[in-house]
Protein chains: 2
Amino acid sequence: MKSRYLKLETRKEEIIRVAAKLFKEKGYSAVTMRDLAGEMGIKAASLYNHINSKQDILDTIIISLAEEFTEGMRLIQSSKQNCIGKLKQIIQLHIRISSQNIYGMASLNNDWMHLKEKRSYYKKLRSDYEDDFRGILKDGIVSSEIVDLNPEVMMFSILTTLRSLYIWIPKKEDLNLEELSSALNQILIEGINK
Amino acid sequence: MKSRYLKLETRKEEIIRVAAKLFKEKGYSAVTMRDLAGEMGIKAASLYNHINSKQDILDTIIISLAEEFTEGMRLIQSSKQNCIGKLKQIIQLHIRISSQNIYGMASLNNDWMHLKEKRSYYKKLRSDYEDDFRGILKDGIVSSEIVDLNPEVMMFSILTTLRSLYIWIPKKEDLNLEELSSALNQILIEGINK
DNA sequence: CATATAAACTAACAATTGTTAGTTTGGTAA
DNA sequence: TTACCAAACTAACAATTGTTAGTTTATATG
């Protein structure tokens, strides 16, 4: 048996990574198994030695990311911080996950509707995440940490910005993640901070 | 000849409108001409009495919207206002166009990569738009109207929020556009306003 | 009535799709 | 050597794709 213990990435993981890159460029539906195989330097049929189906690749990409966000939010919720502190941690969370998985984030944002069995599970995770986010904002309003504006609009504004980081981070290699984090903290938070 | 003078919408326009709705739900690539025909209550081949190709539908949806944004920015630029005034008008512009064409905005955001001959033209329009936007922010920094933060991050934050309005507006029928406009003005502008 | 036209239809096409079956290759372990 | 196995291959499939050709239907105009 070929030893994988020293290897960083299995062949399967490599396929999923390359698939995510193609999905970002053209979207899940427009990427064919022959496109993916071509990018891997093999024939389409050979992919099936490693993966079960095209659908499976998408499921893996999206669900693993969604669960990562869920786990991140869980940790933030369980920490004893005020509203602003939690918001800053959410920004950090999005920057970290997005920068580590630029390609996958595109699928998470744009191709979740092509999930099948996993679709309702994904929607549950997303909905719970937004509920937590909204809760943090509402607490902040009650405790007068943030301005008393429609929490739905505040969440929408912050969250869509964070969800789009994957589009933007790769274009700005000169700006490091520390600077980005600092700038976003100011722009997104100070704005709603009393 | 059947009189169209009194009609609000030609059959072609109806097809394009329905197509945009389907494109929003599943993305351009995943929508088949049979899907579209089914939604119109006719057979796929019948669509071709009205439209030239599937590609043509996408081109029409995206380019007309992109040109609408370009024209809007042109008017804002030619008006004699300060930075903040222009930013508020940009917010208005996005709310107006997005609310009038919820479905088309999805294609503009997610399916532009499936343009063919029109792709470079689209990218030119978008790039020019962003240059104008950036210019307004830079002027605002020089004139001390807005805080001296990375204009790229500021533009990214505001613009991604505005570009995602189409996702969000239809879910919030209780919130009228006046309220939305007012809330966004506060959240997006006051935040960067000194 | 005769004609024209908008707008639907049926039938079919060539290409492309995801996937399967069965086979070959090359390296590793016994 | 021998056996094994991961990972590639060729060939093919049934279904689906966008689109074309030719025809029918219904309505409106002269």
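In what follows, chains are A, B, ... by sequence order, proteins preceding strands, each numbered from 1.
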Exercise. Going hydrophobic residue to hydrophobic residue with side-chain gaps under 4.5 angstrom, can you get from V142(B) over to I146(B)?
Worked result: no
Roughly how many Å is it from [atom1] in [X] to [atom2] in [N], rounded to a whole number?
{"X": "K116(A)", "N": "dG18(C)", "atom1": "NZ", "atom2": "P", "value": "11 Å"}
{"X": "Y48(B)", "N": "dC9(C)", "atom1": "OH", "atom2": "P", "value": "15 Å"}
{"X": "I51(B)", "N": "dA6(C)", "atom1": "CD1", "atom2": "P", "value": "16 Å"}
{"X": "Y28(B)", "N": "dT17(D)", "atom1": "OH", "atom2": "C1'", "value": "12 Å"}
{"X": "M33(B)", "N": "dA15(C)", "atom1": "CE", "atom2": "C1'", "value": "16 Å"}
{"X": "I42(A)", "N": "dA7(D)", "atom1": "CD1", "atom2": "P", "value": "10 Å"}
{"X": "Q55(B)", "N": "dT19(D)", "atom1": "CD", "atom2": "P", "value": "9 Å"}
{"X": "K12(B)", "N": "dT5(C)", "atom1": "NZ", "atom2": "P", "value": "19 Å"}

Exercise. Mapping K43(A) and R34(B) onto DNA chain D by nearest heavy atom, which one lands closer to the 5' end?
Worked result: K43(A)
For this session: Can you figure out which of dG18(D), dA7(D), dT20(D) approaches the side chain of R11(A) most closely?
Result: dA7(D)
Exercise. Think S46(B) has a side-chain N or O under 4.0 angstrom from the OP1 or OP2 of dA7(C)?
Worked result: no
For this session: Examine dA7(C): is either OP1 or OP2 under 4.0 Å from a nitrogen or oxygen in the side chain of H50(B)? Give yes or no.
Result: yes
For this session: Report yes or no: is there a donor-acceptor pair, N or O only, under 3.5 Å between the side chain of N49(B) and the base of dA8(C)?
Result: yes
Exercise. Between I61(B), N101(B), L115(B), which is the residue that forms a side-chain contact (heavy atoms from CB on, under 4.5 Å) with S107(B)?
Worked result: I61(B)
Problem set entry | Shortest non-hydrogen separation from S29(A) to S29(B) and the atoms involved | CB-CB, 3.8 Å
For this session: If the plane angle is over 60° it's perpendicular, under 30° parallel, otherwise tilted; pick one for F69(A) and H94(A).
Result: tilted
Problem set entry | Most 5' of N52(A) and A30(A) on DNA chain C, judged by nearest nucleotide | A30(A)
Exercise. Are side-chain N/O atoms of T160(A) and T160(B) paired as donor and acceptor at under 3.5 Å?
Worked result: no
